[in-house]
Structures are given as C-alpha cells and as structure tokens.
Amino acid sequence: MFKFGTMQTASEFKPHTSAELLLACQRIAGLTLGQLAAELALPVPDNLLKDKGWVGQLMEQALGASAGSQALPDFPELGIELKTLPISQQGKPLESTYVCTAPLIGITGQQWEDSWVCRKLSHVLWLPILAERKLPLKDRIIGQGFLWQPDSEQQALLRQDWEELMELISLGGIAKIRGAHGKVLQLRPKAADSKALTRAVGINGEPIQTLPRGFYLKSGFTQAILQQHFQLG
DNA sequence: AGGTGATCATAT
DNA sequence: ATATGATCACCT
C-alpha cells in the first residue's frame, strides 16, 4: 500500500499553539507565492487587480487559519489575527494595513478597550511579503512571520487616534475626516465603490448617508513594528 | 514618490 | 449592506 494517506497536506494543518504557528511560518518563509500555491494546488492569478485578497487567503490556508469570513480572529483558539504586509526590498511597507470597518452610529460611550481596533490589534501575526510592484505575483517572496502585541507606547498612540476619530464621528464630523487625520491610525473609505452608502450622524445630529469607512494603520506605524522586530536601521 | 481616496472578490 | 481579505490608481 502506498502511503498517500499518511502524508500531512498543508490544507489539513491547523496550529494548536502559537509555537506551532511560528514553526509553520518558518517552514514557508523564503518560498515564493508560486511555490506555496503549487503545494496547495492553487492557481496563481497574473496580478492582484481582481484578486486583491489573494495573498491573504493563500496565507490563511497555508497556516491553517479557520475563521474564514466570520467576525473572529483568524486563529480563534489562539486569539491571533493574521496580517500580511507587503514590503519593498528595503523592508518598508508598501501599503497601509486595513484593520476593520468603522462603526458610525450608536457609538456614544464606546471605550477604547472594547473597540474592534483594540481587540483586533491585541495580538497579530505579521507576515511580511516581498512584493515590489515590478515583481510578478508568483515570484514574490514570503518573509519571516512574527507575533506582535502593542507595547504601551504603541497602545497609547493607537488609543489617542481612535478616540479623536471616534469623537469626530459621534459629533457628526465624518464629512471632514480624511486620511491625513491621525498619527498612526487613519480613517479611509472601505467600500465597493464611491457610491456605496451607510448610515452615519450629520453635523446637527441628524441621520445621514455616507461612504462606509475603515480603520487603517499608516505605513510608518507598521514600519516601526518591523524595525522593532528585526532591529533594522 | 507617497499618501489619500477608490476599488475588487466573495460569503452571509 | 456588512463582514472577510486587501491593493489599485489618481492626485498633490
């Protein structure tokens, strides 16, 4: 009898501890996206134009994330959120990092500790991907993933931005919030297109319709996280 | 060039 | 419409 049944395929893998998760990250570090996709028998799109979430979903499958599209951390039993982070050859983030959608109504009295931003960022597995635009998708290289929890300074920066943004939102100032607001955390559109609408609070406290927004980490913040971990210059 | 605003796919 | 996963692309 051949031993097909004893082969552990990557799609069956599921980490039971954070140590197992880090081992899985070490196994895939250095592989190209094409190599990893081949292991999982997944086709690689020519580009991300119509597959913007492809890299993240590939990593979810490779590392055994199980939450799917549920509103849960990627590794519910571990309480860990997975975030891929596209970086340049110099190790600098190429994009901001989406955190979660922003609640625009019924937010009076919300506490930072209870916010989605705080919860989502409480424990993150960062997975850098060398992803220069000129590099074909299949040739982009998986970096070394690492676990991160915000230190008190980072927590304070996030909290301050979040509190300022949430106060503006609750007082009807959503229309004047732009991406430049906030030191490390910003509010930007998060929608199918510029015509999507959701409920929010107007300048006189009245209900209005506005573009759905999401919280994003500015690249300077994620760059600092990378430097903190890899001790780069 | 880099940051802000716009956009794409899929599941529920 | 909202949640998941993000990157595209225009504008300054």
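Just so we're on the same page: letters track the sequence lines, and every chain starts at 1.
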Below the 4.0 Å mark, does [N] have OP1 or OP2 next to a side-chain nitrogen or oxygen of [X]?
X: A:K120; N: C:dT4; result: yes
X: A:S219; N: B:dG2; result: no
X: A:T84; N: C:dA6; result: yes
X: A:T101; N: C:dT2; result: no
X: A:S96; N: C:dT7; result: no

[X] side chain: which of [options] is closest?
X: A:Y98; options: B:dT4, C:dA6, B:dT7; value: C:dA6
X: A:K52; options: C:dA3, C:dA9, C:dG5; value: C:dG5
X: A:K83; options: B:dG5, C:dG5, B:dT7; value: C:dG5
X: A:R178; options: B:dC8, B:dT4, C:dA9; value: B:dT4
X: A:P189; options: B:dT7, C:dT2, C:dG5; value: B:dT7
X: A:Y216; options: C:dT4, B:dA6, C:dG5; value: B:dA6

May I ask you to say what [X] touches in the nucleic acid, namely base, sugar-phosphate or nothing, with a heavy-atom cut-off under 4.0 Å?
X: A:E81; result: sugar-phosphate
X: A:L211; result: sugar-phosphate
X: A:A180; result: sugar-phosphate
X: A:R133; result: base
X: A:G179; result: sugar-phosphate

So which one's nearest nucleotide on DNA chain C is more toward 5', A:T97 or A:K195?
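Result of the comparison: A:K195.
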Which is more 5' along DNA chain C, the nucleotide nearest A:Q57 or the one nearest A:T198? Just name the residue.
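Between the two, 5'-proximity favours A:T198.
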Between the axis at one end of the helix from B:dA1-C:dT12 to B:dT12-C:dA1 and the axis at the other (five pairs apiece), what's the angle to 10 degrees?
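It works out to 30° between the end axes.
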Atom pair [atom1] ([X]) and [atom2] ([Y]), whose distance is rounded to the nearest 0.5 Å:
X: A:L130; Y: A:Q90; atom1: CG; atom2: CD; value: 9.5 Å
X: A:S219; Y: A:I225; atom1: OG; atom2: CD1; value: 11.5 Å
X: A:R199; Y: A:Q209; atom1: CZ; atom2: CD; value: 5.0 Å

Separation of [N] [atom2] from [X] [atom1] (nearest whole Å):
X: A:K218; N: C:dA6; atom1: NZ; atom2: P; answer: 21 Å
X: A:E60; N: C:dG5; atom1: CD; atom2: P; answer: 6 Å
X: A:Q186; N: B:dG3; atom1: CD; atom2: P; answer: 9 Å
X: A:R199; N: C:dA1; atom1: CZ; atom2: P; answer: 10 Å
X: A:F221; N: B:dG3; atom1: CZ; atom2: P; answer: 16 Å
X: A:K92; N: B:dG3; atom1: NZ; atom2: C1'; answer: 13 Å
X: A:L85; N: C:dT7; atom1: CG; atom2: C1'; answer: 13 Å
X: A:K50; N: B:dA9; atom1: NZ; atom2: P; answer: 4 Å

Upstream residue (5' side of DNA chain B) when A:D51 and A:E95 are each assigned their closest nucleotide:
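Nearest nucleotide further toward 5': that of A:E95.
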Between A:L187 and A:L49, name the one whose nearest nucleotide on DNA chain B is closer to the 5' end.
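With A:L187 and A:L49 compared, the 5'-side residue is A:L187.
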Which pair of non-hydrogen atoms, one from [X] and one from [Y], has the smallest distance, and what is that distance?
X: A:V201; Y: A:S170; answer: CG1-O, 4.1 Å
X: A:P150; Y: A:Q155; answer: CG-NE2, 3.4 Å
X: A:I169; Y: A:P103; answer: CG2-O, 4.1 Å

What do you reckon, is CD of A:E132 surrounded by more than 12 foreign heavy atoms closer than 6.0 Å?
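Yes - once you tally the heavy atoms of other residues, nucleotides and ligands closer than 6.0 Å, there are more than 12.
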Base C:dG5 to side chain A:K190, donor-acceptor N/O within 3.5 Å cut-off:
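Donor-acceptor pair under 3.5 Å: yes.
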So do the side chains of A:I208 and A:I174 get within less than 4.5 Å of each other, counting heavy atoms only?
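They are in contact (side-chain heavy atoms under 4.5 Å apart), so the answer is yes.
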Could you label the plane-to-plane angle of the A:H229 and A:F146 rings as parallel, tilted or perpendicular, counting under 30° as parallel and over 60° as perpendicular?
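Geometry flag for A:F146 against A:H229: parallel rings.
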